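What's counted below: heavy atoms across the whole structure, side chains too, no hydrogens, waters or symmetry copies. Treat the numbers as computed from the prediction; the structure is a model and nothing was measured. Numbers here simply count residues along the sequence, with the first being 1.
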Amino acid sequence: MKRIITIILTLAITAGAATAETKCKSNCNDSCKSEVILGSIMTRTSVRRYTDQPVTKETVEKLLRAGMAAPTAVNKQPWHFVAITSREKLDELAGTGRNGGMLRQAPLAIVVCGDMDKALTGKGQDFWIQDCSAATENILLAAHALGLGAVWTGVYPMDERVAEVSKVLALPQNLVPLCTIIIGYPAEQPKPKDKWKPENVTWY
């Protein structure tokens, strides 16, 4: 009998929690949602030290979906993402530049590449840089929202870096690495910088 009562109480508590969660979600109006989004933007900062906790494939896919949701000129989507969780490959990539320490700690890196076969032609071709940069920022914000730490490290347009990363990842000629996003569960909690400067704004 005591066991039955315990089961009933557990079910009642679970049902109550679910109802409360549903009510909370339904009560979250547009103002509430905007505060959550703005809060994520304003509190995101670069994280360069990570724990050894792995990032699941499901989480990596969420990051990649966020990247692919970015705006893109003429909807060309001229991007390609190389997701790296192999310890051997991360360490090899660490040897390509100044990011060695971070990459040797991190369980995940995403190299954001421009796909020249998908890019616009003519003068519009360089829009791939803007498109892939937008995708990179989406991934950084998604990582922050998921409790991860991340840092954007530049590759393009430094020819030597482009060549080194392309060699390590055996990239075909049509893929140009824009940057490497180094990701992991944070082993540090750096304070976000307040970058608001009114003098950087012109009003009309």
Side-chain angles (χ1 to χ4, degrees), residues 36-37 39-72 77-115 118 128-158 160-172 174-193:
V36 171
I37 294 168
S40 291
I41 292 171
M42 301 307 292
T43 58
R44 190 217 65 81
T45 190
S46 296
V47 175
R48 295 175 172 83
R49 293 180 60 235
Y50 317 97
T51 70
D52 57 3
Q53 180 180 349
V55 181
T56 65
K57 188 173 182 179
E58 179 185 14
T59 299
V60 177
E61 184 172 314
K62 287 180 181 178
L63 297 174
L64 296 173
R65 284 179 178 271
M68 294 184 200
T72 163
Q77 304 176 38
W79 44 53
H80 185 88
F81 304 89
V82 182
I84 308 163
T85 57
S86 159
R87 182 73 269 153
E88 181 181 356
K89 188 58 68 174
L90 286 166
D91 289 344
E92 189 178 354
L93 192 62
T96 64
R98 297 173 297 173
N99 308 313
M102 293 184 288
L103 278 162
R104 288 190 177 92
Q105 286 183 10
L108 169 67
I110 296 175
V111 178
V112 181
C113 304
D115 187 340
K118 297 177 183 176
W128 75 266
I129 300 169
Q130 299 177 36
D131 295 347
C132 289
S133 295
T136 299
E137 181 66 6
N138 271 17
I139 291 171
L140 290 171
L141 289 170
H144 180 52
L146 292 167
L148 294 161
V151 60
W152 176 339
T153 64
V155 178
Y156 182 89
M158 307 302 286
E160 185 178 353
R161 295 184 191 180
V162 170
E164 288 175 341
V165 172
S166 296
K167 182 179 179 180
V168 168
L169 301 179
L171 297 177
N174 61 300
L175 296 185
V176 180
L178 175 74
C179 64
T180 299
I181 310 172
I182 305 172
I183 305 168
Y185 287 94
E188 63 176 359
Q189 297 295 332
K191 291 184 178 180
K193 300 178 180 70

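Here the closest heavy-atom approach between residue Lys118 and residue Pro78 is recorded as CB-CA, 3.8 Å. Contact detail for Ala106 and Leu90: the closest heavy-atom pair is O-CD1, 3.3 Å. Pro107 approaches Pro54 most closely through the heavy-atom pair CB-CA, 4.1 Å. Between Leu171 and Cys113 the shortest heavy-atom distance is CD1-SG, 4.0 Å. Closest approach of Leu141 and Ser40 over heavy atoms only: CD2-O, 4.0 Å. Tyr185 and Val55 make their closest contact through CE1-CG2, 4.0 Å (heavy atoms, listed as atom of the first residue, atom of the second, distance).
Here Ile139 contributes atom CD1 and Thr136 contributes atom OG1; the two are 6.0 Å apart, rounded to the nearest 0.5 Å. For the atom pair OG1 of Thr85 and CD1 of Ile183, the computed distance is 11.5 Å after rounding to the nearest 0.5 Å. To the nearest 0.5 Å, atom CG of residue Asp115 and atom CH2 of residue Trp79 are 12.0 Å apart. Expressed to the nearest 0.5 Å, how far CD1 of Ile181 lies from CG of Leu108 amounts to 9.0 Å. Of the inter-residue distances, the one linking Cys132 atom SG with His80 atom NE2 reads 11.0 Å to the nearest 0.5 angstrom.
Ile37 is linked by a side chain to side chain contact (heavy atoms under 4.5 Å, CB included) to Ile41, counting only residues two or more places apart in sequence or in another chain. In this structure, Ser166 has no side chain to side chain donor-acceptor pair (under 3.5 Å) partners at least two apart in sequence or on a different chain.
The list of side-chain hydrogen bond (donor to acceptor under 3.5 Å, both in side chains) pairs with a residue in residues 41-55, not counting sequence neighbours, reads Thr43-His144. Contacts classified as salt bridge (charged side-chain N to carboxylate O under 4.0 Å, His left out) and involving residues 81-95 (residues at least two apart or in different chains) are given here: Arg87-Asp91, Lys89-Glu92.
For the side-chain contact (heavy atoms from CB on, under 4.5 Å) criterion with Pro177, the lone passing option out of Val112, Thr96, Val165, Leu169 is Val165.
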Stepwise, does the side chain to side chain contact (heavy atoms under 4.5 Å, CB included) test hold for Val82 with Leu175? CA-CA 10 Å; Val82 182; Leu175 296 185; 5.6 Å; no
Under the side chain to side chain contact (heavy atoms under 4.5 Å, CB included) criterion, do Ile110 and Ile84 qualify, and how do the steps go? CA-CA 6 Å; Ile110 296 175; Ile84 308 163; over 6 Å; no
Atom pairs and distances, donor-acceptor, side-chain atoms in residues 62-70, under 3.5 Å, two or more places apart:
{"unit_1": "Arg65", "atom_1": "NE", "unit_2": "Glu61", "atom_2": "OE2", "d": "3.1"}
{"unit_1": "Arg65", "atom_1": "NH2", "unit_2": "Glu61", "atom_2": "OE2", "d": "3.2"}

Show me, pair by pair, the donor-acceptor contacts under 3.5 angstrom made by side chains of residues 147-154, not counting sequence neighbours?
{"unit_1": "Thr153", "atom_1": "OG1", "unit_2": "Asn99", "atom_2": "ND2", "d": "3.4"}
{"unit_1": "Thr153", "atom_1": "OG1", "unit_2": "Thr180", "atom_2": "O", "d": "2.7"}

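Other residues, nucleotides and ligands place more than 12 heavy atoms under 6.0 Å from the CD atom of Glu188.
Side-chain contact, Thr56 with Thr59: a donor N or O sits under 3.5 Å from an acceptor N or O.
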